[in-house]
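Heads up: the structure comes next, in C-alpha coordinates.
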Amino acid sequence: MENRAKHLVFLGCGLLCAAASVFALVSAPSAAEGPQAGQSAPATGAPVASAPDAAAPAASAPNFPVASGARLAGDDKQTRFILDLDRKIEFRAFPLADPYRVVVDIPQVNFQLAAGTGSAARGLVKAFRYGLVMPGGSRIVFDMTGPVKIANSYVLDAANGQPPRLVLDFEQVDRTSFVQSLAPESRPELKPGISESTTATIPAVNTAALPPVASTDARPLIVIDPGHGGIDNGTQSGEQTEKNLVLGFGLALRDRIEKSGKYRVVMTRSDDTFIPLNDRVKIARSQSAALFVSIHADALPRREGDAQGATIYTVSDKASDAEAERLAEAENKADAIAGVNLTDEPTEVADILIDLAQRETKTFSNRFARLLMDEMKTTVRMHKHPLKSAGFRVLKAPDVPSVLVEIGYVSNKGDLEHLVSENWRNKAVGSMVQAIDTFFAKRLATAGPAK
(Lines give C-alpha, C1' and ligand atoms only; values in the text may rest on other atoms or scores of the structure.)
Protein backbone atom coordinates (compact mmCIF):
# COMPACT_ATOMS: atom_id res chain seq x y z
CA MET A 1 0.00 0.00 0.00
CA GLU A 2 2.87 2.37 0.82
CA ASN A 3 4.49 1.83 -2.57
CA ARG A 4 1.18 2.28 -4.31
CA ALA A 5 0.45 5.43 -2.35
CA LYS A 6 3.73 6.95 -3.51
CA HIS A 7 2.54 6.66 -7.10
CA LEU A 8 -1.01 7.92 -6.59
CA VAL A 9 -1.71 11.46 -7.68
CA PHE A 10 -4.40 13.83 -6.58
CA LEU A 11 -7.01 14.18 -9.28
CA GLY A 12 -8.70 17.03 -7.45
CA CYS A 13 -7.16 20.34 -8.54
CA GLY A 14 -7.27 23.49 -6.45
CA LEU A 15 -8.91 26.72 -7.33
CA LEU A 16 -7.19 28.63 -10.11
CA CYS A 17 -6.49 32.18 -9.23
CA ALA A 18 -7.56 32.98 -12.78
CA ALA A 19 -9.40 36.20 -12.24
CA ALA A 20 -8.27 39.79 -12.39
CA SER A 21 -9.15 41.98 -9.41
CA VAL A 22 -10.89 45.11 -10.51
CA PHE A 23 -11.32 48.26 -8.50
CA ALA A 24 -12.30 50.31 -11.54
CA LEU A 25 -11.97 54.07 -11.94
CA VAL A 26 -14.78 55.89 -10.29
CA SER A 27 -16.82 58.25 -12.42
CA ALA A 28 -19.86 60.32 -11.62
CA PRO A 29 -22.90 58.06 -11.20
CA SER A 30 -26.33 58.87 -12.57
CA ALA A 31 -28.67 61.15 -10.75
CA ALA A 32 -30.78 58.20 -9.70
CA GLU A 33 -27.97 56.34 -7.91
CA GLY A 34 -24.99 58.70 -7.76
CA PRO A 35 -23.64 60.59 -4.77
CA GLN A 36 -25.77 63.43 -3.54
CA ALA A 37 -24.56 67.02 -3.64
CA GLY A 38 -21.54 67.47 -1.43
CA GLN A 39 -20.92 63.72 -1.18
CA SER A 40 -17.74 62.24 -2.62
CA ALA A 41 -17.19 58.76 -3.98
CA PRO A 42 -14.22 56.66 -2.81
CA ALA A 43 -10.89 57.54 -4.36
CA THR A 44 -9.59 55.37 -7.17
CA GLY A 45 -8.09 52.14 -5.87
CA ALA A 46 -8.74 53.02 -2.24
CA PRO A 47 -10.47 50.46 -0.05
CA VAL A 48 -14.00 51.29 0.96
CA ALA A 49 -13.95 52.15 4.66
CA SER A 50 -16.51 50.76 7.00
CA ALA A 51 -19.14 53.18 8.25
CA PRO A 52 -21.54 53.10 11.19
CA ASP A 53 -24.70 51.16 10.54
CA ALA A 54 -27.38 53.11 8.71
CA ALA A 55 -29.98 50.81 10.20
CA ALA A 56 -30.10 48.24 12.95
CA PRO A 57 -28.80 44.85 11.74
CA ALA A 58 -31.24 42.00 11.43
CA ALA A 59 -31.80 40.20 14.72
CA SER A 60 -31.01 36.83 13.11
CA ALA A 61 -27.47 37.89 12.13
CA PRO A 62 -26.41 40.93 14.21
CA ASN A 63 -22.77 40.75 13.15
CA PHE A 64 -23.36 40.64 9.40
CA PRO A 65 -24.39 43.38 6.98
CA VAL A 66 -27.92 43.09 5.60
CA ALA A 67 -28.75 43.31 1.89
CA SER A 68 -32.38 44.36 1.53
CA GLY A 69 -32.75 44.98 -2.19
CA ALA A 70 -31.03 44.42 -5.55
CA ARG A 71 -31.87 45.65 -9.04
CA LEU A 72 -30.55 46.14 -12.57
CA ALA A 73 -30.91 49.13 -14.90
CA GLY A 74 -29.66 50.00 -18.38
CA ASP A 75 -29.39 48.31 -21.76
CA ASP A 76 -27.17 45.96 -23.77
CA LYS A 77 -24.41 48.58 -23.98
CA GLN A 78 -24.27 49.70 -20.35
CA THR A 79 -25.91 47.99 -17.38
CA ARG A 80 -25.91 49.04 -13.74
CA PHE A 81 -26.32 46.83 -10.66
CA ILE A 82 -27.41 48.30 -7.31
CA LEU A 83 -27.40 46.46 -3.98
CA ASP A 84 -29.09 48.13 -1.00
CA LEU A 85 -27.27 47.55 2.30
CA ASP A 86 -27.58 48.59 5.92
CA ARG A 87 -23.89 49.60 6.13
CA LYS A 88 -20.89 50.16 3.89
CA ILE A 89 -18.76 47.13 3.03
CA GLU A 90 -15.56 46.30 1.22
CA PHE A 91 -15.81 44.40 -2.04
CA ARG A 92 -13.78 43.06 -4.91
CA ALA A 93 -15.05 42.47 -8.44
CA PHE A 94 -13.46 40.60 -11.33
CA PRO A 95 -14.50 39.06 -14.67
CA LEU A 96 -14.24 35.44 -15.79
CA ALA A 97 -14.48 33.99 -19.29
CA ASP A 98 -16.01 30.95 -20.96
CA PRO A 99 -18.73 31.44 -19.85
CA TYR A 100 -18.60 35.19 -19.35
CA ARG A 101 -19.23 36.10 -15.73
CA VAL A 102 -18.50 38.84 -13.24
CA VAL A 103 -17.81 37.82 -9.65
CA VAL A 104 -18.16 40.14 -6.67
CA ASP A 105 -16.64 39.00 -3.38
CA ILE A 106 -18.01 40.69 -0.25
CA PRO A 107 -18.01 39.98 3.49
CA GLN A 108 -20.64 37.54 4.73
CA VAL A 109 -24.00 39.19 4.15
CA ASN A 110 -27.48 38.39 5.39
CA PHE A 111 -29.38 38.47 2.08
CA GLN A 112 -32.99 39.51 2.66
CA LEU A 113 -33.95 39.83 -1.00
CA ALA A 114 -37.34 39.16 -2.54
CA ALA A 115 -37.96 35.70 -3.98
CA GLY A 116 -36.84 35.48 -7.60
CA THR A 117 -34.30 38.30 -7.31
CA GLY A 118 -31.65 37.83 -9.97
CA SER A 119 -33.62 35.49 -12.21
CA ALA A 120 -34.71 38.12 -14.76
CA ALA A 121 -32.38 39.31 -17.53
CA ARG A 122 -31.61 42.99 -18.09
CA GLY A 123 -29.14 44.53 -20.53
CA LEU A 124 -25.76 42.80 -20.35
CA VAL A 125 -26.80 40.56 -17.45
CA LYS A 126 -28.61 37.30 -18.17
CA ALA A 127 -29.10 36.53 -14.47
CA PHE A 128 -27.29 36.77 -11.17
CA ARG A 129 -27.12 34.66 -8.02
CA TYR A 130 -25.84 35.31 -4.53
CA GLY A 131 -25.06 33.54 -1.29
CA LEU A 132 -22.43 32.30 1.13
CA VAL A 133 -19.32 30.97 -0.59
CA MET A 134 -17.24 30.32 2.53
CA PRO A 135 -17.55 31.13 6.22
CA GLY A 136 -17.11 34.88 6.50
CA GLY A 137 -17.51 35.58 2.80
CA SER A 138 -20.45 35.95 0.42
CA ARG A 139 -20.42 36.22 -3.35
CA ILE A 140 -22.54 37.60 -6.16
CA VAL A 141 -22.09 36.01 -9.60
CA PHE A 142 -23.43 37.64 -12.75
CA ASP A 143 -23.98 35.61 -15.92
CA MET A 144 -23.18 38.02 -18.74
CA THR A 145 -24.37 38.01 -22.34
CA GLY A 146 -20.80 38.54 -23.58
CA PRO A 147 -17.45 40.13 -22.69
CA VAL A 148 -17.74 43.16 -20.42
CA LYS A 149 -15.60 45.50 -18.37
CA ILE A 150 -16.43 46.90 -14.96
CA ALA A 151 -16.45 50.58 -15.81
CA ASN A 152 -17.28 51.80 -12.31
CA SER A 153 -17.58 50.18 -8.89
CA TYR A 154 -18.16 51.94 -5.58
CA VAL A 155 -20.14 52.02 -2.35
CA LEU A 156 -22.29 55.04 -1.50
CA ASP A 157 -23.03 56.37 1.96
CA ALA A 158 -26.59 56.53 3.21
CA ALA A 159 -28.09 59.93 2.28
CA ASN A 160 -31.48 61.59 1.80
CA GLY A 161 -33.44 58.56 2.88
CA GLN A 162 -31.44 56.18 0.67
CA PRO A 163 -29.49 53.31 2.31
CA PRO A 164 -25.83 52.58 1.61
CA ARG A 165 -25.53 51.06 -1.86
CA LEU A 166 -23.02 48.94 -3.75
CA VAL A 167 -23.01 50.05 -7.39
CA LEU A 168 -21.40 48.31 -10.36
CA ASP A 169 -21.44 49.57 -13.95
CA PHE A 170 -20.87 47.04 -16.73
CA GLU A 171 -19.92 48.07 -20.27
CA GLN A 172 -19.77 45.96 -23.40
CA VAL A 173 -16.26 45.35 -24.81
CA ASP A 174 -14.78 43.13 -27.50
CA ARG A 175 -13.18 39.79 -26.81
CA THR A 176 -9.62 41.06 -27.28
CA SER A 177 -10.02 43.85 -24.73
CA PHE A 178 -11.64 41.44 -22.32
CA VAL A 179 -8.84 38.86 -22.56
CA GLN A 180 -6.25 41.58 -22.01
CA SER A 181 -7.96 42.40 -18.72
CA LEU A 182 -7.23 38.86 -17.53
CA ALA A 183 -3.42 39.20 -17.63
CA PRO A 184 -1.81 36.64 -15.26
CA GLU A 185 0.13 39.26 -13.31
CA SER A 186 -3.12 40.95 -12.24
CA ARG A 187 -4.91 37.81 -11.06
CA PRO A 188 -5.85 38.02 -7.37
CA GLU A 189 -6.07 35.37 -4.72
CA LEU A 190 -9.54 33.88 -4.65
CA LYS A 191 -10.84 34.85 -1.24
CA PRO A 192 -13.35 37.42 -0.09
CA GLY A 193 -12.41 40.92 0.91
CA ILE A 194 -13.57 40.83 4.51
CA SER A 195 -14.62 44.14 5.99
CA GLU A 196 -12.92 45.26 9.18
CA SER A 197 -16.35 45.64 10.71
CA THR A 198 -17.11 41.97 10.24
CA THR A 199 -16.44 40.08 13.46
CA ALA A 200 -16.02 36.45 14.42
CA THR A 201 -15.19 35.35 10.88
CA ILE A 202 -14.18 31.75 10.35
CA PRO A 203 -11.29 30.69 8.08
CA ALA A 204 -12.15 29.12 4.76
CA VAL A 205 -12.58 25.37 4.84
CA ASN A 206 -9.49 23.55 3.62
CA THR A 207 -8.02 20.13 4.01
CA ALA A 208 -5.19 21.40 6.21
CA ALA A 209 -7.72 22.59 8.77
CA LEU A 210 -9.27 19.16 9.12
CA PRO A 211 -8.13 17.02 12.03
CA PRO A 212 -5.44 14.52 11.08
CA VAL A 213 -6.35 10.89 10.92
CA ALA A 214 -5.71 9.28 14.29
CA SER A 215 -3.20 6.51 13.67
CA THR A 216 -4.33 4.64 16.78
CA ASP A 217 -7.97 4.55 15.64
CA ALA A 218 -8.39 1.61 13.27
CA ARG A 219 -12.07 2.27 12.60
CA PRO A 220 -12.90 2.94 8.92
CA LEU A 221 -13.42 6.61 8.11
CA ILE A 222 -16.51 7.61 6.13
CA VAL A 223 -16.83 10.98 4.38
CA ILE A 224 -20.39 12.28 3.93
CA ASP A 225 -20.75 14.92 1.25
CA PRO A 226 -23.99 16.95 1.26
CA GLY A 227 -24.11 18.47 -2.23
CA HIS A 228 -24.16 22.16 -3.15
CA GLY A 229 -24.29 24.79 -0.36
CA GLY A 230 -23.78 28.49 0.07
CA ILE A 231 -24.26 30.36 -3.19
CA ASP A 232 -25.18 27.09 -4.94
CA ASN A 233 -28.77 26.16 -4.04
CA GLY A 234 -28.93 23.12 -6.29
CA THR A 235 -32.44 22.19 -7.39
CA GLN A 236 -35.40 23.97 -5.85
CA SER A 237 -39.15 23.61 -5.38
CA GLY A 238 -40.92 26.51 -3.75
CA GLU A 239 -39.24 27.20 -0.42
CA GLN A 240 -37.35 23.90 -0.43
CA THR A 241 -33.78 23.91 -1.76
CA GLU A 242 -31.63 20.89 -2.47
CA LYS A 243 -28.72 22.27 -0.44
CA ASN A 244 -30.83 22.39 2.74
CA LEU A 245 -32.58 19.05 2.18
CA VAL A 246 -29.34 17.13 1.62
CA LEU A 247 -27.56 18.88 4.49
CA GLY A 248 -30.29 17.78 6.90
CA PHE A 249 -30.09 14.26 5.51
CA GLY A 250 -26.29 14.20 5.72
CA LEU A 251 -26.26 15.38 9.33
CA ALA A 252 -28.82 12.74 10.29
CA LEU A 253 -26.72 10.08 8.54
CA ARG A 254 -23.60 11.27 10.36
CA ASP A 255 -25.33 11.12 13.73
CA ARG A 256 -26.62 7.60 13.09
CA ILE A 257 -23.22 6.33 11.92
CA GLU A 258 -21.40 7.89 14.88
CA LYS A 259 -23.96 6.47 17.29
CA SER A 260 -22.98 2.95 16.22
CA GLY A 261 -19.41 3.59 17.36
CA LYS A 262 -18.02 1.46 14.50
CA TYR A 263 -16.77 4.26 12.24
CA ARG A 264 -15.28 7.71 12.17
CA VAL A 265 -17.11 10.34 10.14
CA VAL A 266 -16.02 13.54 8.38
CA MET A 267 -18.45 15.94 6.68
CA THR A 268 -17.36 17.92 3.62
CA ARG A 269 -19.72 20.60 4.92
CA SER A 270 -21.82 20.77 8.06
CA ASP A 271 -23.40 24.16 7.39
CA ASP A 272 -24.52 26.35 4.49
CA THR A 273 -21.06 26.74 2.94
CA PHE A 274 -19.97 26.34 -0.67
CA ILE A 275 -17.23 23.73 -1.15
CA PRO A 276 -15.68 23.33 -4.64
CA LEU A 277 -16.04 19.86 -6.16
CA ASN A 278 -12.35 19.03 -6.20
CA ASP A 279 -11.96 20.14 -2.58
CA ARG A 280 -14.63 17.59 -1.63
CA VAL A 281 -12.50 14.88 -3.23
CA LYS A 282 -9.38 16.24 -1.53
CA ILE A 283 -11.05 16.01 1.87
CA ALA A 284 -11.75 12.32 1.31
CA ARG A 285 -8.24 11.56 0.11
CA SER A 286 -6.41 13.65 2.69
CA GLN A 287 -8.32 11.88 5.45
CA SER A 288 -7.61 8.40 3.99
CA ALA A 289 -11.33 7.74 3.75
CA ALA A 290 -12.56 4.18 3.35
CA LEU A 291 -15.87 5.32 1.81
CA PHE A 292 -17.23 8.54 0.26
CA VAL A 293 -21.01 9.10 0.06
CA SER A 294 -22.29 12.19 -1.75
CA ILE A 295 -25.93 13.15 -1.09
CA HIS A 296 -28.06 15.00 -3.67
CA ALA A 297 -31.69 15.46 -4.74
CA ASP A 298 -32.49 15.64 -8.44
CA ALA A 299 -35.16 17.52 -10.41
CA LEU A 300 -36.48 17.23 -13.93
CA PRO A 301 -37.48 20.23 -16.03
CA ARG A 302 -41.23 20.30 -16.58
CA ARG A 303 -40.86 19.64 -20.29
CA GLU A 304 -39.10 16.35 -19.52
CA GLY A 305 -42.02 14.87 -17.62
CA ASP A 306 -41.91 13.33 -14.16
CA ALA A 307 -39.61 10.94 -12.34
CA GLN A 308 -39.49 9.64 -8.81
CA GLY A 309 -37.48 7.59 -6.38
CA ALA A 310 -33.89 7.33 -5.19
CA THR A 311 -30.99 6.59 -7.55
CA ILE A 312 -27.44 5.46 -6.78
CA TYR A 313 -24.59 6.52 -9.07
CA THR A 314 -21.04 5.31 -9.50
CA VAL A 315 -18.40 6.96 -11.65
CA SER A 316 -17.92 6.03 -15.29
CA ASP A 317 -16.41 7.73 -18.32
CA LYS A 318 -19.54 6.81 -20.25
CA ALA A 319 -22.95 7.57 -18.77
CA SER A 320 -25.34 4.64 -18.40
CA ASP A 321 -28.17 6.62 -20.00
CA ALA A 322 -29.15 10.10 -21.19
CA GLU A 323 -30.61 11.08 -17.81
CA ALA A 324 -27.40 10.13 -16.01
CA GLU A 325 -25.40 12.16 -18.52
CA ARG A 326 -27.68 15.17 -18.02
CA LEU A 327 -27.38 14.98 -14.26
CA ALA A 328 -23.59 14.60 -14.27
CA GLU A 329 -23.23 17.57 -16.60
CA ALA A 330 -25.44 19.68 -14.35
CA GLU A 331 -23.66 18.66 -11.13
CA ASN A 332 -20.22 19.18 -12.65
CA LYS A 333 -21.11 22.84 -13.30
CA ALA A 334 -21.46 23.57 -9.58
CA ASP A 335 -18.14 25.40 -9.47
CA ALA A 336 -19.14 27.67 -12.34
CA ILE A 337 -22.20 28.67 -10.31
CA ALA A 338 -19.90 30.08 -7.64
CA GLY A 339 -17.66 31.78 -10.21
CA VAL A 340 -14.78 29.38 -9.58
CA ASN A 341 -12.39 28.24 -12.30
CA LEU A 342 -10.95 24.76 -11.84
CA THR A 343 -8.45 22.94 -14.00
CA ASP A 344 -9.42 19.66 -15.58
CA GLU A 345 -8.24 16.46 -14.05
CA PRO A 346 -5.31 14.80 -15.79
CA THR A 347 -6.43 12.96 -18.93
CA GLU A 348 -3.52 10.52 -18.99
CA VAL A 349 -2.11 8.53 -16.10
CA ALA A 350 1.05 6.68 -16.97
CA ASP A 351 1.66 4.79 -13.77
CA ILE A 352 0.12 1.31 -13.95
CA LEU A 353 -0.32 1.29 -10.18
CA ILE A 354 -2.79 4.14 -10.44
CA ASP A 355 -4.79 2.22 -13.02
CA LEU A 356 -4.87 -0.82 -10.76
CA ALA A 357 -5.95 1.28 -7.80
CA GLN A 358 -8.75 2.83 -9.84
CA ARG A 359 -9.98 -0.58 -10.95
CA GLU A 360 -9.99 -1.87 -7.40
CA THR A 361 -11.76 1.27 -6.19
CA LYS A 362 -14.39 0.97 -8.91
CA THR A 363 -15.04 -2.63 -7.89
CA PHE A 364 -15.61 -1.62 -4.27
CA SER A 365 -17.77 1.33 -5.33
CA ASN A 366 -20.00 -0.90 -7.43
CA ARG A 367 -20.22 -3.44 -4.62
CA PHE A 368 -21.35 -0.81 -2.13
CA ALA A 369 -23.84 0.63 -4.64
CA ARG A 370 -25.51 -2.77 -5.03
CA LEU A 371 -25.63 -3.32 -1.26
CA LEU A 372 -27.10 0.15 -0.80
CA MET A 373 -29.77 -0.47 -3.42
CA ASP A 374 -30.76 -3.78 -1.80
CA GLU A 375 -31.16 -2.11 1.59
CA MET A 376 -32.87 1.07 0.43
CA LYS A 377 -35.48 -0.64 -1.73
CA THR A 378 -36.92 -2.30 1.37
CA THR A 379 -37.64 1.04 3.08
CA VAL A 380 -37.89 3.83 0.48
CA ARG A 381 -39.14 4.27 -3.07
CA MET A 382 -36.45 3.70 -5.68
CA HIS A 383 -36.15 4.96 -9.25
CA LYS A 384 -37.22 2.47 -11.93
CA HIS A 385 -33.52 2.20 -12.85
CA PRO A 386 -31.89 2.61 -9.42
CA LEU A 387 -28.27 1.87 -10.37
CA LYS A 388 -26.57 4.21 -12.85
CA SER A 389 -23.15 5.57 -13.72
CA ALA A 390 -21.81 8.83 -15.11
CA GLY A 391 -18.75 11.06 -15.06
CA PHE A 392 -19.31 12.86 -11.77
CA ARG A 393 -16.18 14.80 -10.82
CA VAL A 394 -16.93 14.38 -7.14
CA LEU A 395 -16.62 10.58 -7.48
CA LYS A 396 -13.21 10.53 -9.16
CA ALA A 397 -10.89 9.84 -6.23
CA PRO A 398 -8.76 6.96 -7.54
CA ASP A 399 -8.37 5.24 -4.18
CA VAL A 400 -11.61 5.96 -2.26
CA PRO A 401 -14.75 3.89 -3.00
CA SER A 402 -17.42 6.49 -3.80
CA VAL A 403 -21.11 6.73 -4.62
CA LEU A 404 -23.51 9.58 -5.27
CA VAL A 405 -27.04 9.07 -3.97
CA GLU A 406 -29.93 11.07 -5.38
CA ILE A 407 -32.35 10.55 -2.50
CA GLY A 408 -35.32 11.69 -4.57
CA TYR A 409 -36.72 14.26 -6.99
CA VAL A 410 -37.70 17.65 -5.61
CA SER A 411 -39.71 18.08 -8.82
CA ASN A 412 -41.97 15.17 -7.83
CA LYS A 413 -44.68 16.00 -5.29
CA GLY A 414 -44.55 12.59 -3.60
CA ASP A 415 -40.76 12.57 -3.35
CA LEU A 416 -40.71 16.11 -1.98
CA GLU A 417 -43.15 15.11 0.76
CA HIS A 418 -40.75 12.31 1.70
CA LEU A 419 -37.67 14.54 1.57
CA VAL A 420 -39.13 16.92 4.16
CA SER A 421 -40.42 14.08 6.35
CA GLU A 422 -38.34 13.19 9.40
CA ASN A 423 -39.95 9.74 9.52
CA TRP A 424 -38.94 9.01 5.90
CA ARG A 425 -35.45 10.36 6.50
CA ASN A 426 -34.98 8.10 9.52
CA LYS A 427 -35.94 5.06 7.44
CA ALA A 428 -33.63 6.02 4.57
CA VAL A 429 -30.74 6.76 6.92
CA GLY A 430 -31.28 3.43 8.67
CA SER A 431 -31.07 1.51 5.39
CA MET A 432 -27.87 3.35 4.47
CA VAL A 433 -26.24 2.49 7.77
CA GLN A 434 -27.21 -1.16 7.33
CA ALA A 435 -25.59 -1.16 3.86
CA ILE A 436 -22.44 0.40 5.32
CA ASP A 437 -22.29 -2.30 8.01
CA THR A 438 -22.65 -5.06 5.42
CA PHE A 439 -20.07 -3.49 3.11
CA PHE A 440 -17.37 -3.19 5.75
CA ALA A 441 -18.16 -6.55 7.32
CA LYS A 442 -17.48 -8.24 3.98
CA ARG A 443 -14.54 -6.05 3.06
CA LEU A 444 -12.73 -6.33 6.36
CA ALA A 445 -13.34 -10.09 6.51
CA THR A 446 -11.74 -10.67 3.09
CA ALA A 447 -9.03 -8.01 2.91
CA GLY A 448 -8.36 -6.78 6.43
CA PRO A 449 -8.57 -3.08 7.35
CA ALA A 450 -9.18 -0.95 4.26
CA LYS A 451 -6.87 1.80 5.37
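The figures that follow rest on heavy atoms only: side chains count, while hydrogens, waters and symmetry mates do not.
- Checking side-chain atoms of Asp272 against main-chain N and O of Gly230 turns up a donor-acceptor pair under 3.5 Å.
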Quiz item: Under the side-chain contact (heavy atoms from CB on, under 4.5 Å) criterion, do Met144 and Val125 qualify, and how do the steps go?
Solution: CA-CA 5 Å; Met144 313 304 294; Val125 179; 3.8 Å; yes

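- Annotation: side chain of His418 is not in contact with side chain of Val380 (no heavy-atom distance under 4.5 Å).
- Heavy-atom minimum distance, Thr145 versus Gly123: CG2-O, 3.9 Å.
- Side-chain N or O atoms of Ser389 include none that pairs as donor or acceptor with a backbone N or O of Ser316 at under 3.5 Å.
- Taking all atoms of both residues into account, the shortest heavy-atom contact from Pro401 to Ser365 is CA-OG, 3.2 Å.
- Residues Asp143 and Arg129 have side chains in contact (heavy-atom distance under 4.5 Å, counting atoms from C-beta outward).
- Remark: Asp217 engages Arg219 in a salt bridge, criterion side-chain N to carboxylate O under 4.0 Å.
- Nearest approach of Ser294 to Asp225, heavy atoms of both residues: OG-OD2, 2.6 Å.
- Between the OG1 atom of Thr79 and the CD atom of Gln172 there is a distance of 9.0 Å, given to the nearest 0.5 Å.
- Counting all heavy atoms, side chain and backbone alike, Leu85 lies closest to Pro163 at O-CB, 3.3 Å.
- Under the 3.5 Å distance criterion, the side-chain polar atoms of Arg269 are matched with a main-chain donor or acceptor of Pro226.
- Of all the heavy atoms in Leu245 and Val420, the pair that sits closest is CD2-CG1, 3.8 Å.
- In this structure, CZ on Arg122 lies 11.0 Å from CG on Asp76, to the nearest 0.5 angstrom.
- For the pair Ile140 and Phe81, the minimum side-chain heavy-atom distance is below 4.5 Å.
- A heavy-atom distance below 4.5 Å is found between the side chains of Ile312 and Met376.
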Self-check item: Test side-chain contact (heavy atoms from CB on, under 4.5 Å) applied to Arg393 and Asn278, step by step
Solution: CA-CA 7 Å; Arg393 280 167 53 190; Asn278 284 345; 3.9 Å; yes

Practice problem: For side-chain contact (heavy atoms from CB on, under 4.5 Å), just list the numbers for Leu72 and Phe128, CA-CA rounded to whole Å, side-chain angles, deciding distance to a tenth of an Å, and then say yes or no. | Solution: CA-CA 10 Å; Leu72 294 166; Phe128 65 89; 4.0 Å; yes

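- If you check the side chains of Ser421 and Asn423, you find no donor sitting under 3.5 Å from an acceptor.
- With rounding to the nearest 0.5 Å, the separation of CZ in Arg80 from CD in Glu171 is 10.5 Å.
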Self-check item: Full working for side-chain contact (heavy atoms from CB on, under 4.5 Å) between Phe91 and Leu168
Solution: CA-CA 11 Å; Phe91 70 95; Leu168 300 171; 4.2 Å; yes

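- Listed for the Glu242 side chain is a donor-acceptor partner under 3.5 Å among the backbone atoms of Thr235.
- In this structure, CH2 in Trp424 is found 4.5 Å from CD1 in Ile407, a value given to the nearest 0.5 Å.
- At distances below 3.5 Å, not a single donor-acceptor pair connects side-chain atoms of Arg285 with backbone N or O atoms of Val400.
- For Ala252 against Val429, the heavy-atom pair with the smallest separation is O-CG1, 3.9 Å.
- Judged by distance alone, with hydrogens and angles left aside, the side-chain atoms of Thr311 form no donor-acceptor pair with the main-chain N or O of His383 at under 3.5 Å.
- From Gln434, atom CD reaches atom CG of Asp374 across 11.5 Å, with rounding to the nearest 0.5 Å.
- Here the side chain of Asp415 pairs a donor or acceptor atom with the backbone of Tyr409 at under 3.5 angstrom.
- A distance-only check finds a donor-acceptor pair linking the side chain of Arg87 to the backbone of Phe64 [under 3.5 Å].
- Checked by atom type and distance alone, the side chain of Arg254 never pairs as donor or acceptor with a backbone atom of Val266 at under 3.5 Å.
- Here the CZ atom belonging to Phe292 is positioned 12.5 Å from the CG atom belonging to Asp399, to the nearest 0.5 angstrom.
- Within the 3.5 Å criterion, the main-chain N or O of Gln112 finds no donor-acceptor partner in the side chain of Ser68.
- Salt-bridge annotation for Arg139 and Asp232: absent, with no side-chain N of the basic residue lying under 4.0 Å from a carboxylate O of the acidic one.
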